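Note that the structure is a prediction, hence the values are computed from the model and not measured.
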Amino acid sequence: MRWATRSGPHVDRTACAWLIGRFIDSDAEFVFVEDPDEVPADATAFDMRGVELSHRGGECTFEVLLDRYGLDDPVLRAIGRIVHEADLEDERYDAPEARGLDVLLRGLSMVRADHEVLELSAPLYDGLYEYLKRAGLLGRDPA
């Protein structure tokens, strides 16, 4: 399936692309557009104005995707809180990791093309997922 989003991905769009590729559509292909009117007819748009899979009711797109696809994994929910704070900065959640993740992804988007940003950020989200999963199992930060 093809998925479309705005070019210049930062934290919410990279997190969404990772979530889509790992948990929703393992054959996902991503295209980037400058304007929602440029979304190909065969693509599902996300994280852009006027589309179903975007910010809604105070939630970031990552959280909307979790709800839409019934992903109730507590580790994904924890990542959702981090992504929410990095993207919206509304202090809804205590997520000290948010600022660092946001800075890393903004910087990456300054020096790499859109598809490269997705490729390079995916292992960061894989690592974050594994870290939070182990922390949950151990009841503390893993060594």
Side-chain angles (χ1 to χ4, degrees), residues 1-39 43-143:
M1 188 168 162
R2 292 178 82 194
W3 298 79
T5 193
R6 295 173 289 130
S7 60
H10 293 152
V11 69
D12 198 11
R13 280 170 278 157
T14 58
C16 288
W18 171 79
L19 182 70
I20 290 165
R22 294 290 190 275
F23 296 93
I24 298 169
D25 177 8
S26 61
D27 295 323
E29 175 190 338
F30 295 96
V31 295
F32 297 93
V33 299
E34 296 298 324
D35 187 278
D37 295 333
E38 300 170 356
V39 172
T44 299
F46 68 96
D47 200 39
M48 60 177 66
R49 110 183 107 71
V51 302
E52 179 186 353
L53 299 175
S54 195
H55 291 220
R56 183 180 64 223
E59 293 185 328
C60 69
T61 305
F62 188 91
E63 294 168 298
V64 169
L65 285 170
L66 290 175
D67 292 340
R68 173 72 168 18
Y69 290 95
L71 300 171
D72 293 326
D73 180 340
V75 178
L76 291 177
R77 293 288 171 178
I79 292 172
R81 290 188 292 275
I82 295 167
V83 171
H84 176 104
E85 279 307 313
D87 194 47
L88 300 177
E89 298 179 0
D90 63 3
E91 299 180 5
R92 180 184 290 180
Y93 303 111
D94 178 24
E97 309 88 348
R99 180 74 180 133
L101 183 61
D102 184 49
V103 168
L104 287 171
L105 292 166
R106 284 182 187 275
L108 196 55
S109 73
M110 293 175 185
V111 298
R112 298 291 188 207
D114 295 341
H115 282 94
E116 288 179 287
V117 172
L118 296 190
E119 289 173 24
L120 293 169
S121 64
L124 295 176
Y125 291 107
D126 287 338
L128 183 57
Y129 183 91
E130 187 61 28
Y131 182 90
L132 294 171
K133 182 172 90 174
R134 289 182 190 197
L137 293 172
L138 295 170
R140 61 174 170 75
D141 288 342

Open item on the list: Using modelled atom types and a 3.5 Å cut-off, is there a donor and acceptor pairing between side-chain atoms of Asp47 and backbone atoms of Thr5?
Closed with: no

A side-chain contact here means heavy atoms from C-beta on lying under 4.5 Å apart; do Tyr93 and Val83 qualify? no

Shortest non-hydrogen pair, Pro142 vs Ala135, comes out as CD-CB, 3.7 Å

Sequence neighbours excluded, the answer for side-chain hydrogen bond (donor to acceptor under 3.5 Å, both in side chains) partners of Ser54 is none

Less than 4.5 Å apart, any side-chain heavy atom of Trp18 and any of Leu118? no

Exercise for review: May I have the step-by-step check of side-chain contact (heavy atoms from CB on, under 4.5 Å) for Met48 and Glu38, ending in yes or no?
Suggested key: CA-CA 11 Å; Met48 60 177 66; Glu38 300 170 356; over 6 Å; no

Test side-chain contact (heavy atoms from CB on, under 4.5 Å), reference Met1, set Ile20, Ile24, Thr44, Asp27, output is Thr44

CZ of Arg106 to CG of Leu101, rounded to nearest 0.5 Å, is 11.0 Å

Shortest non-hydrogen pair, Phe62 vs Asp12, comes out as N-OD1, 3.0 Å

Taking it one step at a time, do Arg22 and Asp126 satisfy side-chain contact (heavy atoms from CB on, under 4.5 Å)? CA-CA 9 Å; Arg22 294 290 190 275; Asp126 287 338; 2.8 Å; yes

Kindly say whether Asp94 contributes a backbone atom to a donor-acceptor pair with the side chain of Arg81 at under 3.5 angstrom?
no

How about CZ on Arg134, more than 12 heavy atoms from neighbouring residues, nucleotides or ligands closer than 6.0 Å, or not?
no

Heavy-atom nearest pair, Asp35 first then Arg49, reads OD2-NH2, 3.6 Å

Between Leu132 and Ile79, does a side-chain contact (heavy atoms from CB on, under 4.5 Å) hold up when you go through it step by step?
CA-CA 8 Å; Leu132 294 171; Ile79 292 172; 3.6 Å; yes

CZ (Arg92) and CD (Glu63) are apart, to the nearest 0.5 Å, by 6.5 Å

| message | Please report whether the ring centroid of Phe23 lies less than 6.0 Å from that of Tyr129. | response | yes

Closest non-hydrogen contact found for Thr14 with Ser121 is CB-OG, 3.6 Å

Of all heavy-atom pairs linking Cys16 and Phe46, the shortest is CB-CE1, 3.6 Å

Handout entry: Check: Leu65 and Leu71 side chains under 4.5 Å, non-hydrogen atoms
Key = no

* Count the heavy atoms of every other residue, nucleotide or ligand shown that sit under 6.0 Å from CZ of Arg99, and state whether that count exceeds 12. => no

Residue set satisfying side-chain hydrogen bond (donor to acceptor under 3.5 Å, both in side chains) with Arg112, at least two apart, ordered chain then number -> none

**Request:** Without swapping roles, check the side chain of His115 against the backbone of Phe30 for a donor-acceptor pair under 3.5 Å.
**Result:** yes

- Task: Flag the pair Glu59 / Leu66 as yes when at least one side-chain heavy-atom distance between them is below 4.5 Å, and no otherwise.
- Result: no

Exercise for review: Begin with the C-alpha distance, continue with both residues' side-chain angles, and end with the deciding distance and a verdict on side-chain contact (heavy atoms from CB on, under 4.5 Å) for Asp25 and Tyr69.
Suggested key: CA-CA 11 Å; Asp25 177 8; Tyr69 290 95; over 6 Å; no

One should read off an interatomic distance between Asp87 CG and Arg13 CZ, to the nearest 0.5 angstrom, of 8.5 Å

Using a distance-only test with no angle check, is there a side-chain donor-acceptor pair under 3.5 angstrom linking His84 and Asp90? yes

Closest non-hydrogen contact found for Glu52 with Val64 is O-CG1, 4.3 Å

If we ignore hydrogens and angles and just use 3.5 Å, is the side chain of Glu29 paired with the main-chain N or O of Trp3 as donor and acceptor? no

Distance col, row Ile82:CD1 vs Leu128:CG, nearest 0.5 angstrom, shows 4.5 Å

Exercise for the section: Look at the side chain of Glu130 and the backbone N and O of Gly127, then say whether any donor-acceptor pair between them is shorter than 3.5 Å. Expected result: no

